[in-house]
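Working notes, beginning with the structure itself.
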Amino acid sequence: DPKIIQKPKYLVAVTGSEKILICEQYLGHNAMYWYRQSAKKPLEFMFSYSYQKLMDNQTASSRFQPQSSKKNHLDLQITALKPDDSATYFCASSQDRGGQNTLYFGAGTRLSVL
Amino acid sequence: AQSVDQPDAHVTLYEGASLELRCSYSYSAAPYLFWYVQYPGQSLQFLLKYITGDAVVKGTKGFEAEFRKSNSSFNLKKSPAHWSDSAKYFCALETGSNYQLIWGSGTKLIIKP
């Protein structure tokens, strides 16, 4: 059974719309992250949370807003979608933030913005 | 600035050969180094990591990597390669300054039967 659940697996959106990507982890981890993988760039760190607190934000645009309602949930709201937002978004978690901790990734949500 | 370079975008080998995927990093202090693998259509999976200690670290699926401080490299190795090793491999660096991983652009490995 997958320990990090991302929903939906595929998402098609129109330019200007808003979507929420869901992530839940059942590993008992304290830190959660969002990464983006697009065709032309290396895996890109977006956000990190530790104990439901935002720790790092490397996303230049405020259109991307993480939301943590529970310790094991970290959703990603994206507003005013643009075609350049098309990518696979991976949620990840680790026991604690950084250092020697190993990242565990979800299966990803593939977003296509038309 | 910290960075990770995987100079080979693609590597093709025949099954049974020895594989070595290159990774170099730029960081002035002691790095934490990781290798992850992404099989087609799947997410990233942890292979191994170097934190400190022995320069050769062993990971899952029969892989190992050697940390060489002298030339700032952390190459991934396996012998013999199997067709099931075909995947994209990512090297990553964590500097400890903000706990973010810096990723290489990946090497796509194709193992021919």
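Since the structure is predicted, the reported quantities are computational estimates derived from the model, not experimental observations. Throughout, protein chains are lettered first and strands after them, A, B, ... in sequence-line order, and every chain is numbered starting at 1.
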In terms of heavy-atom proximity below 4.5 Å to chain B, should A:Gln37 be classed as side chain, backbone, both, or neither? side chain
Can you tell me which portion of A:Tyr35 sits under 4.5 Å from chain B's heavy atoms? Options are side chain, backbone, both or neither. side chain
Shortest non-hydrogen separation from A:Ala107 to B:Ser43 and the atoms involved: CA-CB, 3.7 Å
In short, A:Asn101 meets B:Phe34 closest at the heavy-atom pair O-CE2, 3.9 Å
Joint hydrophobic cluster, [X] plus [Y], side-chain heavy atoms closer than 4.5 Å:
| X | Y | result |
| --- | --- | --- |
| A:Phe90 | A:Trp34 | no |
| A:Tyr51 | A:Tyr104 | no |
| B:Tyr25 | B:Tyr89 | yes |

Please check if the number of heavy atoms outside [X] that lie under 6.0 Å from its [atom1] is greater than 12.
| X | atom1 | answer |
| --- | --- | --- |
| A:Tyr26 | OH | yes |
| B:Asn71 | CG | yes |
| B:Lys108 | NZ | no |
| B:Arg68 | CZ | no |

Give a yes or no on whether the ring-centroid distance for A:Phe105 and B:Tyr36 is below 6.0 angstrom. yes
Side chain to side chain contact (heavy atoms under 4.5 Å, CB included) between B:Trp103 and A:Lys41, intermediate numbers included: CA-CA 10 Å; B:Trp103 296 82; A:Lys41 297 180 183 178; over 6 Å; no
OG1 of A:Thr102 to CD1 of B:Ile51: how many Å apart, nearest 0.5 Å? 7.5 Å
Without swapping roles, check the side chain of B:Ser105 against the backbone of A:Pro42 for a donor-acceptor pair under 3.5 Å. no
Is the shortest heavy-atom distance from the side chain of B:Leu44 to the side chain of A:Leu103 under 4.5 Å? no
